[in-house]
Q: 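Before we start, here is the structure in question, set down as structure tokens.
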Amino acid sequence: TLAGCSGAGYVAQSLKGRAGIMASRQSVSRLISDPSTPAELRARMEAASAMRQFASDELDLPDNASYRSYVDIGRDYVTIAVYAAPEFSLTPTIWCFPVFGCVPYRGYFSRGAVAKTVRELQQQGLNVHVTGITAYSTLGWSADPLLSTMFAQDRTYLASLVFHELAHQRVYVNNDTAFNEAFAVAVEMTGVRKWLKIENDAAALARYEAGLKRNAEFLELVAKTKRELAQIYATPATAERKRAEKAAAIERLRTRYRRMRDESWGSFAGYDNWVEGPVNNAKLAATSVYNDLVPAFLRLFDLCSRDYPRFYAAVGRLGRLPKDGRAEALLSARSCG
């Protein structure tokens with residue numbers, strides 16, 4: 001579903017929000033060298049600086065001013081993303097923007113603007129999903145800073161965000177969010193693994209691999225539910241019947257999740273909020289955007305002998321293909337290019 005181009009008001013709030021962040025930047029190197037910097041903040045900046053250099057030295061990611069400054073934004077999320085999808089379709093609504101092209105979400109710095117947009121979309125009969133975002137990339141158009149939100153978890157989480165966002169600066173294809181995000185996730189995953197191995201942090205690597213395994217298992221549950229919903233939506237049943245079957249499919253997802261959590265995951269509850277909160281087509285579609293093509297990118301990375309420059313070149317060639325054949329070419333690739 002294409003919603004068309006976003007208006008001037010939306011673009012203005014986005015530019016204003018980013019400008020406020022950029023105006024508050026502090027140099028990471030100065031924070032490290034300044035004797036008045038609190039010890040905890042200095043330690044965070046030292047870790048982030050080492051990760052940033054690793055990204056360029058070992059992962060061939062851009063060696064520029066991005067993530068070499070820091071901003072404490074004083075809240076849990078830097079932006080809030082709004083996704084939408086029709087009541088009986090898993091195809092997300094698409095919005096188009098200057099520079100960044102068309103994407104399946106709108107990002108807001110203001111909670112008031114989010115509430116207004118959610119009301120408008122729901123009045124159109126759309127399913128809506130709202131989620132907080134801890135990092136973003138301007139694709140190299142400006143020197144993106146490290147944000148306090150990026151330090152919300154452990155060092156592995158910070159590394160994954162830095163590698164992911166810098167990957168968008170290496171390759172970005174207008175109007176193909178699924179391609180761009182899956183590519184960045186693949187760089188993030190391979191980069192974090194390489195970083196933890198070089199750091200010789202076996203415990204952190206074991207935790208990371210366990211997390212990836214859980215995530216893959218969770219995504220398979222979501223994929224199963226999406227397949228069930230697609231069959232429901234394709235039938236000629238009445239809207240009332242489809243609504244009831246949709247609700248039943250989502251309840252099956254919750255039941256399967258709880259069983260997997262309690263029997264296979266040792267009661268790991270990291271996905272509870274996602275599952276027990278509202279689940280609709282917009283939320284399911286948002287999950288697919290970031291993950292569906294990741295295995296294909298990881299396979300291409302192996303075909304490129306785990307050589308980052310060769311991998312980026314191969315991804316760049318795929319990005320120049322027409323969109324309607326790009327994913328198929330990625331999925332059917334038999335060599336690095």
Q: Are S66 and Q169 linked by a side-chain donor-acceptor pair shorter than 3.5 Å?
A: yes
Q: Any heavy-atom pair between the side chains of L229 and L284 that's under 4.5 Å?
A: yes
Q: Are Y172 and F183, when compared by the centres of their aromatic rings, separated by less than 6.0 Å?
A: no
Q: What heavy-atom pair brings D292 and P295 nearest, and what distance separates the two atoms?
A: O-CD, 3.7 Å
Q: OH of Y83 to CZ of R106: how many Å apart, nearest 0.5 Å?
A: 13.5 Å
Q: Donor-acceptor pair, distance only, cut-off 3.5 Å: does the side chain of S56 make one with the backbone of P62?
A: yes
Q: Where the side chain of T79 meets the backbone of F109, is there a donor-acceptor pair that is under 3.5 Å apart?
A: no
Q: Please check if any side-chain donor atom of T255 sits under 3.5 Å from a side-chain acceptor atom of R259, or the reverse.
A: no
Q: Going through the distances and angles, do L146 and V162 end up as a side-chain contact (heavy atoms from CB on, under 4.5 Å)?
A: CA-CA 8 Å; L146 294 162; V162 170; 4.0 Å; yes
Q: Is it true that F311 and L330 fall in one hydrophobic cluster, defined by side-chain heavy atoms closer than 4.5 Å?
A: yes
Q: Is the ring pair Y308/F301 parallel, tilted or perpendicular, if the boundaries are 30 and 60 degrees?
A: tilted
Q: Do you know which two heavy atoms are closest between R170 and L61, and how far apart they sit?
A: NH2-C, 3.7 Å
Q: Under 4.5 Å between any side-chain heavy atoms of E165 and D144, yes or no?
A: no
Q: Apply the test side-chain contact (heavy atoms from CB on, under 4.5 Å) to residues V185 and H164: give CA-CA distance (whole Å), side-chain angles for both, the deciding distance (0.1 Å), then the verdict.
A: CA-CA 6 Å; V185 170; H164 182 108; 3.7 Å; yes
Q: Would the distance check show the side chain of N180 and the main-chain N or O of V173 forming a donor-acceptor pair, the cut-off being under 3.5 Å?
A: yes
Q: More than 12 foreign heavy atoms under 6.0 Å from CZ of R252: is that the case here?
A: yes
Q: Could you please spell out the steps behind the side chain to side chain donor-acceptor pair (under 3.5 Å) verdict for D307 and S305?
A: CA-CA 5 Å; D307 180 288; S305 304; over 6 Å; no
Q: Search all heavy atoms of F297 against all heavy atoms of A186 and return the closest pair with its distance.
A: CB-CB, 3.6 Å
Q: When you look at R258 and D272, which way does the salt bridge (Lys or Arg N to Asp or Glu O under 4.0 Å) test go after all the steps?
A: CA-CA 9 Å; R258 292 173 194 137; D272 279 17; over 6 Å; no
Q: Do the non-hydrogen side-chain atoms of R111 and K116 ever get within less than 4.5 Å of each other?
A: no
Q: Which distance, rounded to the nearest 0.5 Å, do you find between the CZ of F54 and the CH2 of W195?
A: 8.5 Å
Q: Given the rule in the salt bridge (Lys or Arg N to Asp or Glu O under 4.0 Å) test, do K224 and E220 qualify, once you have shown the distances and angles that lead to the verdict?
A: CA-CA 6 Å; K224 184 173 185 177; E220 182 46 45; over 6 Å; no
Q: Hey, is the main chain of L221 close enough, under 3.5 Å, to the side chain of T225 for a donor-acceptor pair?
A: yes
Q: Taking R193 as the fixed residue, which of E188, E199, E209, E58 is the one that meets the salt bridge (Lys or Arg N to Asp or Glu O under 4.0 Å) rule?
A: E209
Q: Count I, L, V, M, F, W, Y as connected when their side-chain heavy atoms are under 4.5 Å apart, and connections chain through other members. Are L90 and V103 then in the same cluster?
A: no
Q: Taking side-chain contact (heavy atoms from CB on, under 4.5 Å) as the test, write out the residues that go with S33, two or more places apart.
A: none
Q: Could you report the tightest heavy-atom contact between A84 and L121, atom names first, then the distance?
A: CB-CD1, 4.0 Å
Q: Give the cluster check for L219 versus Y257: same hydrophobic cluster or not, with ILVMFWY residues linked at side-chain heavy-atom distances below 4.5 Å.
A: no
Q: Under 3.5 Å, side chain of R310 to main-chain N/O of R306, donor-acceptor pair present?
A: no
Q: Do Y208 and L196 have side chains that get closer than 4.5 Å, going by heavy atoms?
A: yes
Q: Hey, do the aromatic rings of F151 and Y157 have their centres closer than 6.0 Å?
A: no
Q: Ignoring hydrogens and geometry, is there a side-chain-to-backbone donor-acceptor pair from T131 to A81 under 3.5 Å?
A: no
Q: Would L147 and M150 satisfy side-chain contact (heavy atoms from CB on, under 4.5 Å), going step by step from the backbone distance to the final call?
A: CA-CA 5 Å; L147 305 170; M150 298 168 71; 4.2 Å; yes
Q: Quick one: CG on D76 to CD1 on I133, what's the gap to the nearest 0.5 Å?
A: 13.0 Å
Q: Determine the minimum heavy-atom distance between A184 and A167, stating which atoms define it.
A: CA-CB, 3.9 Å
Q: CZ/R30 to OG1/T37 distance, rounded to the nearest 0.5 angstrom?
A: 11.5 Å
Q: Please check if the side chain of T235 supplies one atom and the backbone of I232 the other of a donor-acceptor pair under 3.5 Å.
A: yes
Q: May I ask you to decide if G211's main-chain N or O and N215's side chain share a donor-acceptor pair within less than 3.5 Å?
A: no
Q: Using a 4.5 Å cut-off on heavy atoms from C-beta on, say whether the side chain of V114 contacts that of V118.
A: yes
Q: So which atom in A329 and which in L318 form the shortest heavy-atom distance, rounded to 0.1 Å?
A: CB-CD2, 3.7 Å
Q: Just by modelled atom types, is the S267 backbone N or O under 3.5 Å from a matching donor or acceptor in the R261 side chain?
A: no
Q: For the OG1 atom of T238 and the NZ atom of K242, what is their distance to the nearest 0.5 Å?
A: 8.5 Å
Q: Just wondering, do M189 and L212 contact through their side chains at under 4.5 Å, heavy atoms?
A: yes
Q: Looking only at side chains, do S49 and Y67 share a donor and an acceptor under 3.5 Å apart?
A: no
Q: Give the intermediate values and the outcome of salt bridge (Lys or Arg N to Asp or Glu O under 4.0 Å) for residues E251 and R254.
A: CA-CA 5 Å; E251 277 309 309; R254 292 190 172 110; 2.6 Å; yes
Q: More than 12 heavy atoms of other residues, nucleotides or ligands under 6.0 Å from CG of D57: yes or no?
A: yes
Q: Would you tell me whether T134 and Y77 have side-chain atoms, one donor and one acceptor, within less than 3.5 Å of each other?
A: no
Q: Please say yes or no: joined through hydrophobic side-chain contacts below 4.5 Å, possibly via intermediate residues, are L126 and Y233 part of one cluster?
A: no
Q: Looking at T190 and V187, would you say the former's side chain and the latter's main chain have a donor-acceptor pair under 3.5 Å?
A: yes
Q: Side-chain heavy atoms nearer than 4.5 Å, only ILVMFWY residues, links allowed to pass through others: does that put V82 and V279 together?
A: no
Q: Sort out for me which residue in E87, Q122, K246 forms a side-chain hydrogen bond (donor to acceptor under 3.5 Å, both in side chains) with N127.
A: K246
Q: I want to check something: taking the side chain as every heavy atom from C-beta on, are V128 and K283 in contact at a cut-off of under 4.5 Å?
A: no
Q: Let me see the working for F218 and W274 under ring-ring contact (aromatic ring centres under 6.0 Å, His included), right down to the final yes or no.
A: CA-CA 11 Å; F218 177 73; W274 194 102; 5.2 Å; yes
Q: CZ/F179 to CG/L321 distance, rounded to the nearest 0.5 angstrom?
A: 8.0 Å
Q: Quick one: does L166's side chain get under 4.5 Å of R52's, heavy atoms only?
A: yes
Q: Output all residues satisfying salt bridge (Lys or Arg N to Asp or Glu O under 4.0 Å) with E46, sequence neighbours left out; order by chain, then residue number.
A: none
